[in-house]
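Values reported hereafter were calculated over all heavy atoms of this structure, with side chains retained and with hydrogens, waters and symmetry mates removed. Numbered from 1 within each chain, the chains take letters A, B, ... in sequence-line order.
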Number of protein chains: 2
Amino acid sequence: MKSKINFAETENCPVRNILDRFGDKWSTLVILILGEEKTLRFNEIQKKIGSVSQKMLAVTLKKLEADGLVSRKVYPQVPPKVEYTLTNLGLSLLPKLQNLVKWANENMEEITGNRVARQIK
Amino acid sequence: MKSKINFAETENCPVRNILDRFGDKWSTLVILILGEEKTLRFNEIQKKIGSVSQKMLAVTLKKLEADGLVSRKVYPQVPPKVEYTLTNLGLSLLPKLQNLVKWANENMEEITGNRVARQIK
DNA sequence: CAGCATCCCGCCGGATACTG
DNA sequence: CAGTATCCGGCGGGATGCTG
């Protein structure tokens, strides 16, 4: 029998913590993209996502860097060049996210179908 | 070599779709709780989460029901009684989310430590 | 090129009150 | 008990402009 999780206490609940961090719009996307490409520059990530604003990408990357999921390497040159890579911690999260993507790929059609069938926006 | 994902097109990108649906504050939490308890009434879910408002729980459950992840059974009696259970589709998602929880449990301390060490809010 | 600063709008979601 | 209805404040996040 598994021990149950205390969802009620925000501070001690890992589920809440993880959702607070990766529930935002771009974090998981960035991790998945860096997982595919190993190393990317700021603009390259932005182009890959396509619809993210410069501001939000900067905020997201800073958060991920602070969490220790992404490492940032600055080349002291003009024009500047900054490369982003997943850390080992980030790499350990990657497969879990990829599992979610896999599930999404396999089941999104059914979910979309359900929505349409029930005529919900 | 894995085929790459097109993150740019929102409509066809399963990652974006899944994040749009489960990136919200409560959906994953509800799925995880129902995964533990099998069947729960509205008030029981609310008590388990603790901090969710009545409104948001109702909205969340309705969304999950529309997606076909949660089933809703109404007992025609007074006072009313409604039970929520994961569907097979919901059950298929459950282990992926539990993997994330497991990862969070194992690594949240390190992440929190990173944050503190870098003195970010 | 890689960002920070500022302004500002939309909507997420909380509080409260009401119904079957 | 299990919801809807309404109001409304906060902030996520887009647009734009400026810097090293």
A:Leu89 CG to B:Trp103 CH2 distance, which is reported to the nearest 0.5 Å
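A:Leu89 atom CG to B:Trp103 atom CH2 measures 4.5 Å (nearest 0.5 Å).
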Between [atom2] of [N] and [atom1] of [X], the distance in whole Å:
{"X": "A:Leu61", "N": "C:dC1", "atom1": "CG", "atom2": "C1'", "answer": "14 Å"}
{"X": "B:Gln46", "N": "C:dG14", "atom1": "CD", "atom2": "C1'", "answer": "12 Å"}
{"X": "A:Leu40", "N": "C:dC1", "atom1": "CG", "atom2": "P", "answer": "15 Å"}
{"X": "B:Tyr75", "N": "D:dA2", "atom1": "OH", "atom2": "P", "answer": "12 Å"}
{"X": "B:Lys47", "N": "D:dC1", "atom1": "NZ", "atom2": "C1'", "answer": "11 Å"}
{"X": "B:Glu44", "N": "D:dC1", "atom1": "CD", "atom2": "C1'", "answer": "11 Å"}
{"X": "B:Gln77", "N": "C:dG20", "atom1": "CD", "atom2": "P", "answer": "19 Å"}
{"X": "B:Ile45", "N": "D:dG3", "atom1": "CD1", "atom2": "C1'", "answer": "13 Å"}

Write out all pairs satisfying salt bridge (Lys or Arg N to Asp or Glu O under 4.0 Å) with one or both partners inside residues 83-100 of chain A, taking only residues at least two apart or from two chains.
A:Lys81-A:Glu83
Tell me which pairs pass salt bridge (Lys or Arg N to Asp or Glu O under 4.0 Å) where either residue lies in residues 85-94 of chain A, with sequence neighbours left out.
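For residues 85-94 of chain A, and leaving out neighbouring residues, there are no salt bridge (Lys or Arg N to Asp or Glu O under 4.0 Å) pairs at all.
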Output all residues satisfying side chain to side chain contact (heavy atoms under 4.5 Å, CB included) with [X], sequence neighbours left out; order by chain, then residue number.
{"X": "A:Val74", "answer": "A:Arg72, A:Val82"}
{"X": "B:Thr28", "answer": "A:Leu19, B:Phe22, B:Leu97"}
{"X": "A:Lys25", "answer": "none"}

For A:Glu106, which residues count as a side chain to side chain donor-acceptor pair (under 3.5 Å) partner, sequence neighbours excluded?
A:Lys102
Just to verify, what does B:Ser27 make a side chain to side chain donor-acceptor pair (under 3.5 Å) with, not counting sequence neighbours?
B:Asp24
Reading nucleotides 14-20 of chain D from the 5' end, what letters show protein touch, with B for base, S for backbone sugar-phosphate only, - for no heavy atom under 4.0 Å?
BB-B--B
Which part of the nucleic acid, if any, lies within contact of B:Tyr84, taking any heavy atom under 4.0 Å across all strands shown: a base, the sugar-phosphate backbone alone, or nothing?
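Since only primed, P, OP1 and OP2 atoms lie under 4.0 Å of B:Tyr84, the category is sugar-phosphate.
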Of the listed nucleotides C:dA2, C:dG3, C:dC4, the one nearest the side chain of A:Arg72
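For the A:Arg72 side chain, the nearest candidate turns out to be C:dG3.
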Would you please confirm or rule out a distance under 4.0 Å between OP1 or OP2 of C:dC1 and any side-chain N or O of A:Arg41?
no
What I want to find out is whether B:Lys48 reaches B:Glu36 closely enough, with some N-O distance under 4.0 Å, to be called a salt bridge.
no
Give me the bend of the helix from C:dC1-D:dG20 to C:dG20-D:dC1, using the axes of the five pairs at each end, rounded to 10°.
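Inter-axis angle at the termini of the helix from C:dC1-D:dG20 to C:dG20-D:dC1: 50°.
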